[in-house]
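Here is how names work: the chains are called A, B, and so on, in the same order as the sequence lines, proteins then strands, and each is numbered from 1. The structure displayed is predicted, hence computed values, not measured ones.
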Amino acid sequence: MSSVPAVSVEQLTRVFRVPGLRRREFTAVSDVSLEVQPGEVYGLIGPNGSGKSTTMKVLLGLLRATSGKCAIFGRDSARVDSREEVGYLPENPYFYKHLTGAETLEFYGKLCGLRGRELRERIGEMLALVDLEESRDRRLGGYSKGMLQRIGLAQAIIHRPRLVVLDEPTAGVDPLGSRQIRDLILELKRRGITVILSSHLLEQVQEVCDRIGIIFRGRMLREGSLAQITEVGNRSEIVLEGMTPELMEEIRALAAARGAKWIHDGHPRTTLETLFLEVTSAAAEAARASAGKS
Amino acid sequence: METAAPIRRHRSFSFGRVWTIATGTLTQLVRMKVFAFMAIFAVVLIGASFAFADLKTEQELKMLKDVSFAAIQLFCMLFAIAGTAMLIPRDVEDRTLYTILCKPVSRLEYLLGKLGGMVLVLVISLGAMDLLFTGVLHLKQRTVVEQNVAELEYRPFRSQEEREKAVAEIIEVATQQGASWNLQAGMAAILAKSIVLTAVTLLVSTFATSTLFTIMVSLALMVIGHAQGLAREVLLDEADGAVLPRLVAGGVAVLFPDFKTFDVLDAVITGTVVPGVEVLKMGGLCGIYCVLYMLAAWVLFADKEL
Ligand SMILES: Nc1ncnc2c1ncn2[C@@H]1O[C@H](COP(=O)(O)OP(=O)(O)O)[C@@H](O)[C@H]1O
Ligand SMILES: [Mg+2]
């Protein structure tokens, strides 16, 4: 691969004027630098108001930087043509309510220069990818939040961008929907598309991101690969099925004999999210199966 | 591999993108059922065609034209202002603008697309009203002629010749006051005015803080546009050739739209023929105003923080 990073943000600072009588200023992003290599999935995490969206908007040229530089595949973000290679899903987006799913994709596809058969095929492909084929002729006014996010993702990638920027893609979406979005992100990654996403939900970021940056009050606190950031180096975990008290004793004894320290044992818990997903997806599967029979 | 972005050379200005935004805007307005006001227009028109039935031939047709042109003009101009005022604020509020501007779309293309969409809507609605109006006027003209000719039966004529002359006179008056190409000059004037108002409203909405503000300012500009020609005449007459008042008046005419050139409706209604040069002049002036206001809008919008 070439050495040009997909995204490079260098010492980005963004100051907002706070409207009012006194000319107060507010620094939303302060001296943030980050780099994303092609093919990586990068997660920007931090609580609300920490400057994630602002960073992304500057990256996309929707806001100007007060100081610092942003580039996409080496092209300055302020240039309109840097947007050829990028797809963006803003935070809580609303698309034109009066358009159907297919018309929405057609509109954005045309803006990206797609026409004719290529455009039609691409619309079909995208609707299939985000699993909205059945709703293609329904107006967006009647879409659920999860469906809107998925159509938003589809419009973001309709022109085959090499970089996709997703601002809180799962905010306000139920667990099943957010699982679908997670799978889509993994699919993008499989296809070699670079993804940068923001979230305040840590588990989700953990599931999909190669590298993460923790941003808080406009400052980058920590950055690195997921393994680097979360690994506890000198500990290990074993999960077994069919454990008997005798086997447990043997392992304990062996560990003690080899000089390892026993920290913790117990039954792994299903997280509520996993349980919820298991139950609902089983039900969905069953419904689909019975629908297929009749 | 599916992912490889096809090499597409970016063109810094593309009519395709402007057209996409324009037709998108047209669809938006159509699906907001803006053409419903056409039903109101139809009622006004049909009401007017019955209301003045007991006037003289000439008067009857004139009144019908008077009422119809007034209604068409009012609809088009109010629609140009109210329709345009909501376009940009709506996109900003819904963050739809982000999804558009993060595509390779320049802000100028976006603005021109919005203008184009409104022009399409205006052309379609004005065209429909024009058709309806011309049809009704044509029918009215025929009934008026028939009625008047029928009334001649009760008038004693000395000769057949005299009778034929009277019939010819009726037909001439009716033709002069009836449906004609000259009326289309009036339609052109209304279209030109409405397009100028659209451009001005778009300009205002790039710096306005609310839709209501945009509508109020644009309405005020509409009034100024109609009044400034008159005001200028009076003032310059008093100033009697002084340079400064002339410059000021010229400046005002550039900053605020001046609708004096588009003032042909009265002439058209009385049946005075508007020369083709005048129509060309209206088109040219409309173009100049659009370019001016769109450039200003671009300057303001290009720097706008979203
Ligand atoms: N246009 C603006 N004007 C003033 N302050 C803003 C503006 N946009 C964002 N901010 C402020 O900048 C901070 C960071 O916002 P944002 O980037 O949206 O955070 P996040 O996406 O991480 O939740 C917030 O405190 C927010 O109030
Ligand atoms: Mg945010």
Between atom [atom1] of [X] and atom [atom2] of [Y], what is the distance when rounded to the nearest 0.5 Å?
{"X": "B:I21", "Y": "A:L111", "atom1": "CD1", "atom2": "CG", "answer": "5.0 Å"}
{"X": "A:F95", "Y": "B:R95", "atom1": "CZ", "atom2": "CZ", "answer": "10.5 Å"}
{"X": "B:D94", "Y": "A:N92", "atom1": "CG", "atom2": "CG", "answer": "11.5 Å"}
{"X": "B:T99", "Y": "A:L89", "atom1": "OG1", "atom2": "CG", "answer": "9.0 Å"}
{"X": "B:Q28", "Y": "A:K97", "atom1": "CD", "atom2": "NZ", "answer": "10.0 Å"}
{"X": "B:W19", "Y": "A:K110", "atom1": "CH2", "atom2": "NZ", "answer": "10.0 Å"}

What residue among A:L62, A:L60, A:D167 forms side-chain contact (heavy atoms from CB on, under 4.5 Å) with B:Y98?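 That would be A:L62; it is the only one of A:L62, A:L60, A:D167 passing the side-chain contact (heavy atoms from CB on, under 4.5 Å) with B:Y98.
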Residue pairs passing the ring pair (Phe, Tyr, Trp, His ring centres under 6.0 Å) test where at least one lies in residues 107-135 of chain B, sequence neighbours excluded: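 Counting only pairs at least two positions apart or across chains, the ring pair (Phe, Tyr, Trp, His ring centres under 6.0 Å) contacts touching residues 107-135 of chain B are B:F69-B:F133, B:Y110-B:F301.
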Could you tell me whether the side chain of A:E106 reaches within less than 4.5 Å of the side chain of B:T20, counting heavy atoms only?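 No, their side chains stay 4.5 Å or more apart.
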Taking the side chain as C-beta and beyond, is there a heavy-atom pair between A:E103 and B:T27 under 4.5 Å? no
Contact class of B:R90 relative to chain A, heavy atoms under 4.5 angstrom: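 Contact with chain A involves no heavy atom of B:R90 at all.
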Cut-off 4.5 Å, heavy atoms of chain A, and the answer for B:I100 is both
Side chains of A:Y96 and B:D91: any donor to acceptor distance under 3.5 Å? yes
Is a side-chain donor or acceptor of A:R83 paired with a backbone partner of B:K103 at a separation under 3.5 angstrom?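 Checking the backbone N and O of B:K103 against the side chain of A:R83, no donor-acceptor pair under 3.5 Å is found.
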Heavy-atom count check: over 12 atoms from other residues, nucleotides or ligands less than 6.0 Å from B:M216 CE? no
So for atom CD, which belongs to A:E121, do other residues, nucleotides or ligands contribute more than 12 heavy atoms lying within a distance under 6.0 Å?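 More than 12 heavy atoms, drawn from other residues, nucleotides or ligands, come within 6.0 Å of this atom.
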Please classify the contact between A:R139 and chain B as side chain, backbone, both or neither, with a heavy-atom cut-off of under 4.5 Å. side chain
Mind listing the closest non-hydrogen atom pair of B:G24 and A:F107 along with its distance? CA-CE1, 4.4 Å
If you count heavy-atom pairs within less than 4.5 Å of chain A, which of B:T96, B:L101, B:T23 leads?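 Result: the option with the highest number of such pairs is B:T96.
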